[in-house]
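Numbers here are sequence positions counted from 1. Keep in mind the model is a prediction, meaning the values are calculated, not measured. In each ligand, atom 1 is the first atom listed, and ligand 1 is the first ligand listed.
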Amino acid sequence: MPKSILKNVFGYDSFRPLQEEIIARVLNNHDSVVLMPTGGGKSLCYQIPAIYLDGCAIVVSPLISLMQDQVMALNELGINALCWNSTLDYTRVQHVTNQLRLGKLKLLYVSPERLTMDSFLDCIKEAKISFFAIDEAHCISEWGHEFRPSYRYLDLIRAHFESLPIMALTATATTRVVEDIQRQLDLTDATVFQASFNRPNLFYEVRRKKNTVQQLFKFLQQFSNQSGIIYCQSRKSVNNLTEKLVKQGFSAKAYHAGLSQIEREQNQTDFIYDRVSIIVATIAFGMGINKSNVRFVVHYDLPKTIENYYQETGRAGRDGLNSHCLLFFSYADKHKYEVFLNQIQNVKEREFAFKKLSMMLDFAAKPRCRRTQLLEYFEEDSSNISCGTCDICKNPPQTMDITVVSQKVLSCIYRVNERYGVSMIIDILKGNKTDRIKYLKLDNLSTFAIETELNKSQLHDVIAHLTFEKIILIDGDEYPVLKLTEAAWRILRDQDTISMPVFEVVKTPKQKPK
Ligand code: ADP
Ligand code: MG
């Protein structure tokens with residue numbers, strides 16, 4: 001019985017939501033697509049039927065380290081599981097094939113590349129196979145955040161093993177990805193199981209980058225000796241930040257692909273066994289990490305997609321206890337990525353990456369409940385979820401009306417014929433007689449020096465907000481210039497008003513000599 005395997009092999013008393021139904025589905029010889037957030041317990045969904053059924057289950061997994069971790073854990077529980085990957089020498093391969101042929105193996109973990117090899121297919125065709133599990137199945141879809149071309153060849157499973165059930169598992173649940181998975185694997189008769197993406201014990205907070213290191217120190221002081229992960233975008237910033245934290249007396253280690261493998265593994269184990277509290281890492285860290293008592297996840301830089309953000313924050317609070325997810329963002333982050341994304345050659349891919357980034361930015365910048373935004377992104381009904389545990393719900397942001405200053409900004413953009421960028425527009429509004437402005441005679445414009453209340457940095461915020469609300473467009477072939485959209489005209493014509501969250505730090509405007 002699956003239930004007794006849960007108890008006797010894994011030592012758990014009860015199933016998590018959907019696990020039992022998913023297991024029953026494969027035991028009845030049917031296909032399924034399993035959508036469950038990170039940490040939801042996907043592995044047991046195929047491990048238990050694999051142990052229960054006659055023969056060996058084939059588990060496709062994208063990372064060697066992931067396979068090895070799972071195999072080790074299963075072996076420790078007394079389950080005969082092995083992986084077959086490129087690191088195996090001849091004798092190990094012999095061992096695997098023998099175990100398969102003798103019918104003693106319960107789970108065999110392989111990479112998608114391995115599965116497509118004729119020699120491998122021949123080998124498993126001679127053995128008794130119970131079913132196929134495709135882990136991290138979103139890798140099959142270009143719409144997922146980790147597309148792996150080799151996953152595309154998995155359609156051969158259906159072609160070669162028509163009667164065996166297939167279970168595809170992922171933490172990504174957008175309709176597009178799910179459809180892709182079903183189509184590519186030919187899962188016409190699959191039931192789609194979707195567990196909730198809501199993580200009620202996670203508190204979501206977003207802050208603007210400003211004295212970020214100081215803000216971070218203060219934040220971390222609330223978590224003395226507790227475990228947490230800080231994600232940075234680059235190896236360099238991982239190193240810098242780790243150094244600063246250590247200097248400040250925090251227990252922190254770095255993790256990124258630029259460290260030697262020994263050092264990386266050492267730092268990771270130190271973190272897992274609580275010998276160090278904080279791991280500062282690039283996104284290279286975390287896949288397959290199974291640490292339940294992570295109390296906070298900080299994003300020191302903006303993640304590139306909401307999937308990334310969700311997956312990374314999902315590593316907090318797996319034990320069900322309250323945990324905190326803090327994201328720092330700035331529009332500068334966005335511009336940095338855009339430069340980077342512009343280098344993507346394939347037009348479709350590039351547009352797609354931009355779209356994902358802009359959705360991530362929406363999440364960070366919009367004064368809307370974070371949980372609702374996340375669930376909406378994953379197309380989950382959020383209408384009967386009461387949040388209360390995100391920054392927006394806890395402290396609803398005050399907003400201020402910026403219609404008048406927006407009208408000044410917009411008419412200024414119009415007066416210069418949509419030919420200049422942010423700094424020029426601000427200089428004109430503030431009446432700065434730079435050489436360029438004098439040379440171009442822009443000081444004759446009616447909008448010259450009409451903004452007296454807000455300072456430069458506040459005007460930057462206003463323009464960023466107008467861009468964000470798609471009232472202004474940033475465009476241009478050689479350098480970015482500001483342009484008006486249809487929405488801008490509604491504001492200029494007094495048909496619409498606009499407000500934004502109040503400025504965080506309101507400085508007294510500096511008086512500049514004219
Ligand atoms: P996923 O692959 O969905 O991210 P995992 O399969 O790695 O999640 O499971 C996450 C954690 O939850 C693991 O530590 C696992 O042992 C635990 N877990 C899974 N199912 C149960 C259960 N029914 N009861 C208790 N713990 C469970
Ligand atoms: Mg998993």
Is it the case that ligand 1 has an N or O less than 3.5 angstrom from some N or O of G41?
yes
Relative to the heavy atoms of F15, which atoms of ligand 1 are at a distance of less than 4.0 Å?
23 (N)
Proximity winner for atom 27 (C) of ligand 1, if only heavy atoms of Q70, K7, Q47, R16 are counted:
R16
Should we count CG of L102 as having more than 12 external heavy atoms under 6.0 Å?
yes
Does M36 have a non-hydrogen atom less than 4.0 Å from ligand 1?
no
Suppose I only count heavy atoms of S43 and a 4.0 Å limit; which atoms of ligand 1 are within that range?
2 (O), 5 (P), 6 (O), 7 (O)
Identify the protein heavy atom lying closest to atom 20 (N) of ligand 1, giving its residue, its atom name and the separation to 0.1 Å.
Q19 NE2, 2.9 Å
For Q221, I'd like to know if atom CD has over 12 heavy atoms of other residues, nucleotides or ligands within 6.0 Å.
yes
Does even one non-hydrogen atom of S14 get within less than 4.0 Å of ligand 1?
yes
I need the nearest protein heavy-atom contact for atom 10 (C) of ligand 1: residue, atom name and distance, please.
G39 O, 3.7 Å
Aromatic plane relationship, Y310 with F197 - under 30° parallel, 30 to 60° tilted, over 60° perpendicular:
tilted
Protein contact to atom 11 (C) of ligand 1 [nearest heavy atom, distance to 0.1 Å]:
N290 OD1, 4.1 Å
Less than 4.0 angstrom from a charged side-chain N to a carboxylate O is my criterion; do K3 and D13 meet it?
no
Would you call D54 and K128 a salt bridge, taking side-chain N to carboxylate O under 4.0 Å as the test?
no
Taking atom 15 (C) of ligand 1 as the reference point, the nearest protein heavy atom with its distance
Y12 OH, 3.7 Å
Atoms in ligand 1 with a heavy atom of P37 nearer than 4.0 Å
3 (O)
Centre of Y12's six-membered ring, under 6.0 Å away, within 45 degrees of the axis: is that where NZ or CZ of K7 sits?
no
Could you label the plane-to-plane angle of the H299 and Y231 rings as parallel, tilted or perpendicular, counting under 30° as parallel and over 60° as perpendicular?
parallel
If you draw a 6.0 Å radius around CD in Q222, do more than 12 non-hydrogen atoms from other residues or ligands fall strictly inside?
yes
Any idea which protein heavy atom is nearest atom 3 (O) of ligand 1, and the distance to it?
K42 NZ, 2.8 Å
